[in-house]
Amino acid sequence: MIISYNEAGRLLEGKKEISLDLGITYSKVEKEGDSFIFEDGQRLTEKDLKKIVKKDTMCFFIENSSIVPISSFSEKTNKFYKLVPTGSWPTIELSGIRMHVTKSMTPKEDTEKKISFVQPCTGKVLDTCTGLGYTAIMASKTADEVYTYEIDKHVVEIEKVNPYSKGLFNKEKIVRHEGDIFLEIKQLKTEFFDFEIHDPPRVALSTLLYSQEFYNQLFRVLKKGGKLYHYTGDPGSKRGLDVRDGIIKRLQTSGFKQIARVFNGITCMK
Ligand SMILES: C[S@@+](CC[C@H](N)C(=O)[O-])C[C@H]1O[C@@H](n2cnc3c(N)ncnc32)[C@H](O)[C@@H]1O
């Protein structure tokens, strides 16, 4: 059972039904004194709920009638990971950096936007960076097969508990890999994919995924007539910088054609 500030707030306001899976299903909660009793018998106090309401950028498990933050720190990667509630699908934060747009739109709308650039999204699809799996899961609605890659085991742990990432583990069309796409792509067959979605972390965090060598591989594994959507965001735009200039030059060098700037990214064809 997962609870965030939204649902804790609803209970404190006196609502008797809340969601314990971030908005997918709803269940009844009883009140006894200052305890809130959930359908499985676990209890939280008003004090627990007030604590949750204060932490509005964190989701919590309810375990043994206490709250446990859905977060972790890795000494190996030196990163802090957490599942962040948004009122829509949650996002994941890696040391303060969110992996989906959450300000101007919800992660769900962000994902719909990304998929809209690779229509009809059929055949074999490459999703380079799994994250919470939203692009892979949405692409799998129309694709025959989606190959998706996640390098970070701590992200995979959060995928496993996020109710909106379930499709990653139960959809046969999704071929999930735990590994580095920069290396793994070299093992993939030439002209294998009909569509590619490249949604890497920002350039400072994953330079190689913006390199000429990687773009050459994206070009190689794409079928003739296939389409790539490359999420770039718009970092530096407030300072008059455009990261897309350099990316476009490298994509051209790889052989991509019909390169276009689109909202928060680039599309191009082989
Ligand atoms: C922006 S998020 C992707 C979000 C994803 N499209 C979704 O729908 O949730 C980028 C992800 O790429 C992962 N990543 C970074 N470098 C990688 C690499 N070399 N290979 C595979 N995954 C990588 C990060 O750990 C992070 O989870």
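The first residue in the sequence is number 1, and the count goes up from there. Order of appearance sets the numbers: ligands from 1, and atoms from 1 within every ligand. Worth knowing before you read on, the calculation uses all heavy atoms, side chains too, and leaves out hydrogens, waters and symmetry mates.
- Within the 4.0 Å heavy-atom cutoff, G179 counts among the residues contacting ligand 1.
- At least one heavy atom of D180 sits closer than 4.0 Å to an atom of ligand 1.
- At least one N or O atom of T135 sits closer than 3.5 Å to an N or O atom of ligand 1.
- Classified by interplanar angle (parallel below 30°, tilted 30° to 60°, perpendicular above 60°), the ring pair H177/Y149 is parallel.
- Geometrically, ligand 1 and Y134 share a nitrogen or oxygen pair separated by less than 3.5 Å.
- Under 4.0 Å is where a charged nitrogen must lie from a carboxylate oxygen, and between E213 and K186 at least one such pair does.
- Geometrically, ligand 1 and I151 share a nitrogen or oxygen pair separated by less than 3.5 Å.
- Closest to atom 2 (S) of ligand 1, if we only count protein heavy atoms, is M99 SD, 3.4 Å.
- Here E191 does not pair with R220 in a salt bridge; the nearest charged N to carboxylate O distance is not below 4.0 Å.
- The protein atom (non-hydrogen) at minimum distance from atom 25 (O) of ligand 1 is E150 OE2, 2.6 Å.
- The N/O atoms of I181, backbone and side chain alike, include one that comes under 3.5 Å of an N/O atom in ligand 1.
- Residue D127 has no nitrogen or oxygen atom sitting less than 3.5 Å from a nitrogen or oxygen atom of ligand 1, judged on distance alone.
- Where the criterion is an N or O separation shorter than 3.5 Å, residue side chain and backbone included, F182 fails it with respect to ligand 1.
- With ligand atoms numbered from 1 in the order given, ligand 1 contributes 25 (O), 27 (O) to contacts under 4.0 Å with heavy atoms of V155.
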List the atom pairs, donor and acceptor, that lie under 3.5 Å between side-chain atoms in residues 255-264 and the rest of the protein, sequence neighbours left out.
from	atom 1	to	atom 2	distance (Å)
K257	NZ	G255	O	3.4
R261	NH1	D242	OD2	2.3
R261	NH2	D245	OD1	2.6

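- Ring centers of Y147 and F193: under 6.0 Å apart, within the cut-off.
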| query | Hey, mind stepping through K223 and D194 against salt bridge (charged side-chain N to carboxylate O under 4.0 Å, His left out) and telling me if it holds? | reply | CA-CA 6 Å; K223 284 182 189 167; D194 297 274; 3.2 Å; yes

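- Not counting sequence neighbours, the partners of E46 by the salt bridge (charged side-chain N to carboxylate O under 4.0 Å, His left out) test are K31, K50.
- The nearest non-hydrogen atom to atom 5 (C) of ligand 1, considering only T130, T128, L132, comes from T130.
- Listed by atom number, the atoms of ligand 1 under 4.0 Å from D152 heavy atoms are 25 (O).
- Protein heavy atom closest to atom 9 (O) of ligand 1, with residue, atom name and distance, is H100 NE2, 2.7 Å.
- Judged by the 6.0 Å distance and 45° axis criteria, K124 is not positioned over the aromatic ring of F195.
- Residue-to-ligand polar distances place D199 within reach of ligand 1: an N/O pair is separated by less than 3.5 Å.
- Summary of contacts: the protein heavy atom closest to atom 12 (O) of ligand 1 is C129 CB, 3.1 Å.
- Those atoms of ligand 1 that come under 4.0 Å of a heavy atom in L209, given as number and element, are 16 (N), 17 (C), 18 (C), 19 (N).
- Residues K160 and S165 bring no donor and acceptor atom of their side chains to less than 3.5 Å of each other.
- A salt bridge is absent between R10 and E13: the closest approach of a Lys/Arg side-chain nitrogen to an acidic carboxylate oxygen does not fall below 4.0 angstrom.
- Between H154 and Y81, the angle of the ring planes stays under 30°, which puts this pair in the parallel group of the 30/60° scheme.
- Residue S206 places no N or O, backbone or side chain, under 3.5 Å from any N or O of ligand 1.
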